[in-house]
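Shown next, in structure tokens, is the structure this report addresses.
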Amino acid sequence: MSLVLYNTLTKKKEPLQPIEDGKIGMYVCGVTVYDKSHLGHAKSAINFDLIVRYLRHRGYEVNHITNFTDVDDKIIQRAKELSMDPMALSQQIIDDYFRSMDALKAERATTYPRATETMDDIIDMVEGLVQKGIAYESNGSVYFSVRKAKEYGKLSGQTLDQTVAGARIDPSEDKRDPMDFAVWKAAKPGEVSWTSPWGEGRPGWHIECSAMCLKHIGKTVDIHGGGTDLIFPHHENEILQSEAYNDAQFVKYWMHNGMLTIDEEKMSKSQKNFFLIDEVLAKYSPQVVRFFILNANYRHPLEYDSSSLDDSQRALETLQNSYDEMKAHAAIADGDDDAERLCGDVWSDFETKMDDDFNSRDAIAVMYDFAREANKLRGEGRLSRKGADSVVGIFNQFNGLFGVLVSESRLKLVKEGAQALDETEIDKMLSQDHIPDGDVDRLVRARQDARERKDFATADNIRGSLAEKGVDIQDTQEGAVWKRK
RNA sequence: GCCGGGGUGACAGAGAGGCCAUGUGGCGGACUGCAGAUCCGCAGACAGGAGUUCAAAUCUCCUUCCCGGCUCCA
């Protein structure tokens, strides 16, 4: 079975065939660093994180490039508002971005080029476009002449005339055609700028991606990703520049992630309807946030509301419980091979789902079925320690890609049986702010003793008091287990 | 207006011609002193209208509503 992915360019799912066997050059548009990252950025990063992890799992060597737009109008404006140096501001935001994405357990890209570090390549490209006569200088700025492009709108389906009719374009008098876009912008007095053949200035928005793709990947990149909001004009213009400059196809597969929405509206800074990653992680674990995002198709919009993460937390608990219990499982039966068979089937099912355009939602559904089957074997006393280890192995493989489960063992099985404790000792232990593991064990055994004496008041008091300290006791067929929440 | 993508059970969200999606929640049952966890079962759906087909949530057409883009955006 081969992996297929949805290509925005052709609007079809296509088998993945990299230019070079086994290697993938992948460019994902990063962020403009003028303000802290919000949950929408997290969605994009986590969607592509899973894609990269899965491609690697499938044996591809992935060169993953994500850029930082660290000079542009917004950064300059924001820096001015804060009376900061724009470069200091962008560095601060980049630091925040890394902190947030690390906290979300998104793997880092291979390289994070910055516009300001790619200046020579950008200027080379602009010069090349001017030499080819497809871009022109005007008052210190350089514009790309869209009417000279061979093809226009092949990604977005837009035609030039329709777009002109849309008429929300900047009618700069420097442009020969209103649809032309800047590849180099002349600096206004006092702005940060770089020296170029056209005087002091800085890059247009789109050109950095074209230059970075060429520099870090090549004339043609296998996969180019970004949000759906970038399709037009950003990605369309990247195609125009790169293909004009390189005389080669720019991108084989375009992949776009759907927007995170709130009340059906895109989460964005300009709408002021965003939640910062910091804020969200103060209340929910990174696993819950990842699960919320990965439990939906990356291509489709995902609706967020106040209960979304609570729902995800509850839903995830089912998988986490099964995972925990499989790890803590004490062998009941020996030599059964039901678990082995179960594990053999589930992983190929899982990969089949993921091979179909990274269908993480269906892949998770496979995991739920798997957890139920494994729980059933265990409940029926047909699970050996070896079988449980195989089940845990599948969970680990799944988690290596999705990163939605807490891998540390949370569940503690109390090995010794019931043991009486006198009341004052119980109260003393329960009154501690933090009850050490050893004491929890003793309390659980004391509770067991109380239960055997049918002293349910004492038993329930121990369970209730421990629950208040964040320790959950559960009675199972194998005895009592507990975990810290 | 134009270009994309959508409208699926209480909710979140897969699926893209025939076969159970899945999860949370609800209801019933098993287990339990009670909880919880777990297991079993039940209910409940494909925006509306025409058409193609033996068969349509899935294909075609029309209507309608929503979202994204056409300005910076993941």
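Naming: A, B, ... by sequence-line order, numbering from 1 per chain. What's counted below: heavy atoms across the whole structure, side chains too, no hydrogens, waters or symmetry copies.
In this structure, A/R202 atom CZ and B/C72 atom C1' are separated by 12 Å, rounded to whole Å. As a whole-Å value, the separation of A/E317 CD from B/U24 P is 11 Å. Rounding to whole angstrom units, CZ of residue A/F232 and P of B/C67 are separated by 21 Å. The CG atom of A/N273 sits 14 Å away from the C1' atom of B/A74 (whole-angstrom rounding). Between A/Y152 atom OH and B/C70 atom P there is a gap of 11 Å when expressed in whole angstrom units. Spacing between atom CD1 of A/I262 and atom P of B/A12 amounts to 15 Å, rounded to whole angstrom units. If you measure from atom CG of A/L411 to atom P of B/U38, you get 12 Å, rounded to the nearest angstrom. Distance CG (A/N237) to P (B/G69): 16 Å, rounded to an integer number of Å.
A distance of about 12 Å separates the P atoms of B/G5 and B/U60, rounded to the whole Å. The separation of B/A10 from B/C72, taken at their P atoms, amounts to 42 Å, rounded to a whole angstrom. One C1' atom belongs to B/A74, the other to B/U58, and the distance between them is 31 Å to the nearest Å. Across the C1' atoms, B/G18 and B/U38 are found 35 Å apart, a figure rounded to whole Å. Nucleotides B/A14 and B/G29, compared at atom C1', are 29 Å apart to the nearest Å. Across B/C59 and B/G17, the matching C1' atoms stand 8 Å from one another, rounded to whole Å. Using atom C1' as the reference point in both B/G15 and B/G6, the two lie 15 Å apart (nearest Å). Using atom P as the reference point in both B/G69 and B/C39, the two lie 42 Å apart (nearest Å).
Residue contacts shown for A/K376 are limited to sugar-phosphate atoms, with no base heavy atom under 4.0 Å away. Note on A/I364: nothing from the nucleic acid sits closer than 4.0 angstrom, heavy atoms only. Base contact: A/M267 has a heavy atom under 4.0 Å from a base atom. Among the atoms of the strands shown, base atoms are found under 4.0 Å from some heavy atom of A/D475. A/G226 comes within 4.0 angstrom of the backbone, heavy atoms only, and of no base. As judged by a 4.0 angstrom heavy-atom cut-off over every strand, A/N257 is placed among the base-contacting residues. Counting any heavy atom pair closer than 4.0 Å across all strands shown, A/S308 reaches no nucleic acid atom. Using a 4.0 Å heavy-atom criterion, one finds that A/G464 contacts no nucleic acid atom at all. Counting any heavy atom pair closer than 4.0 Å across all strands shown, A/T318 reaches sugar-phosphate atoms only and no base atom. Looking at heavy-atom distances under 4.0 Å, A/L260 makes contact with a base. Nucleic acid contact for A/H38: base, since at least one base atom lies under 4.0 Å from a heavy atom of the residue. Residue-level contact check: A/F456 touches the bases, meaning some heavy atom is under 4.0 Å from a base atom. If you check every strand for non-hydrogen atoms under 4.0 Å, A/R361 touches a base. If you check every strand for non-hydrogen atoms under 4.0 Å, A/E325 touches sugar and phosphate atoms only.
Residue A/N321 places no side-chain N or O under 4.0 Å from the OP1 or OP2 atom of B/A37. Listed pair A/N359 / B/G15 meets the phosphate criterion, a side-chain N or O lying under 4.0 Å from OP1 or OP2. OP1 or OP2 of B/G69 sits under 4.0 Å from a side-chain N or O of A/K266.
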Nucleotides 3-9 of chain B: which of its N/O atoms have a protein N/O under 3.5 Å away?
unit_1 : atom_1 : unit_2 : atom_2 : d
B/C3   : O2'    : A/S156 : O      : 2.2

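In this structure, the ring of A/H224 has its center less than 6.0 angstrom from the ring center of A/Y27. Here A/F98 and A/Y112 bring their ring centres to under 6.0 angstrom of each other. A/F292 and A/Y284 have their aromatic ring centers separated by at least 6.0 angstrom. Taking the six-membered ring for Trp and the full ring otherwise, A/Y6 and A/Y253 have centroids separated by 6.0 Å or more.
Base pairing annotation: B/G68 forms a Watson-Crick or G-U wobble pair with B/C3, both donor-acceptor distances under 3.5 Å. With a cut-off of 3.5 Å on both Watson-Crick or G-U wobble distances, the partner of B/A10 is given as B/U24. Base pairing annotation: B/A43 forms no Watson-Crick or G-U wobble pair, as no partner gives both donor-acceptor distances under 3.5 Å. With a cut-off of 3.5 Å on both pairing distances, B/U32 has no Watson-Crick or G-U wobble partner at all. The nucleotide B/C61 finds its pairing partner in B/G49, both defining distances of the Watson-Crick or G-U wobble pair being shorter than 3.5 Å. B/G18 and B/C54 make up a base pair, with Watson-Crick or G-U wobble contacts both under 3.5 Å.
Between A/V481 and A/D460, the one whose closest nucleotide on RNA chain B sits nearer the 5' end is A/D460. Between A/A315 and A/G40, the residue anchored nearer the 5' end of RNA chain B, judged by the nucleotide with its closest heavy atom, is A/A315.
Looking at A/Q287 and A/L405, their side chains never come closer than 4.5 Å, going by heavy atoms from C-beta outward. Within the 4.5 Å cutoff, no side-chain heavy atoms of A/P86 are placed close to those of A/V71. Contact check for A/C209 versus A/H234: side-chain heavy atoms found under the 4.5 Å cut-off.
Which of B/C70, B/G33, B/A21 sits closest to the side chain of A/P233 comes down to B/C70. Ranking B/A74, B/G25, B/C34 by closeness to the A/R463 side chain, first place goes to B/C34. The side chain of A/T32 approaches B/A74 more closely than any other nucleotide in the set B/A74, B/G23, B/A37. Of all nucleotides listed (B/G13, B/G33, B/G68), B/G13 comes nearest to the side chain of A/A296.
At a cut-off of 3.5 angstrom, the base of B/C39 holds no donor-acceptor pair with the side chain of A/R372. Counting distance only, with no hydrogens placed and no angle test, the side-chain atoms of A/R378 and the base atoms of B/A37 include no donor-acceptor pair under 3.5 Å. In the interface, the side chain of A/R451 is paired with the base of B/G33 through a donor and an acceptor atom under 3.5 Å apart.
The closest side-chain donor-acceptor pair between A/N321 and A/E325, if any, does not fall under 3.5 angstrom. The closest side-chain donor-acceptor pair between A/Q320 and A/D324 falls under 3.5 angstrom.
By the 30° and 60° cut-offs, the orientation of the rings of A/H235 relative to A/H256 is tilted. Using the six-membered ring where Trp is involved, A/Y323 and A/F395 have ring planes that are tilted, between 30° and 60° apart.
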Side chain to side chain contact (heavy atoms under 4.5 Å, CB included) evaluation trace for A/D305 with A/I262 = CA-CA 6 Å; A/D305 68 46; A/I262 293 187; over 6 Å; no
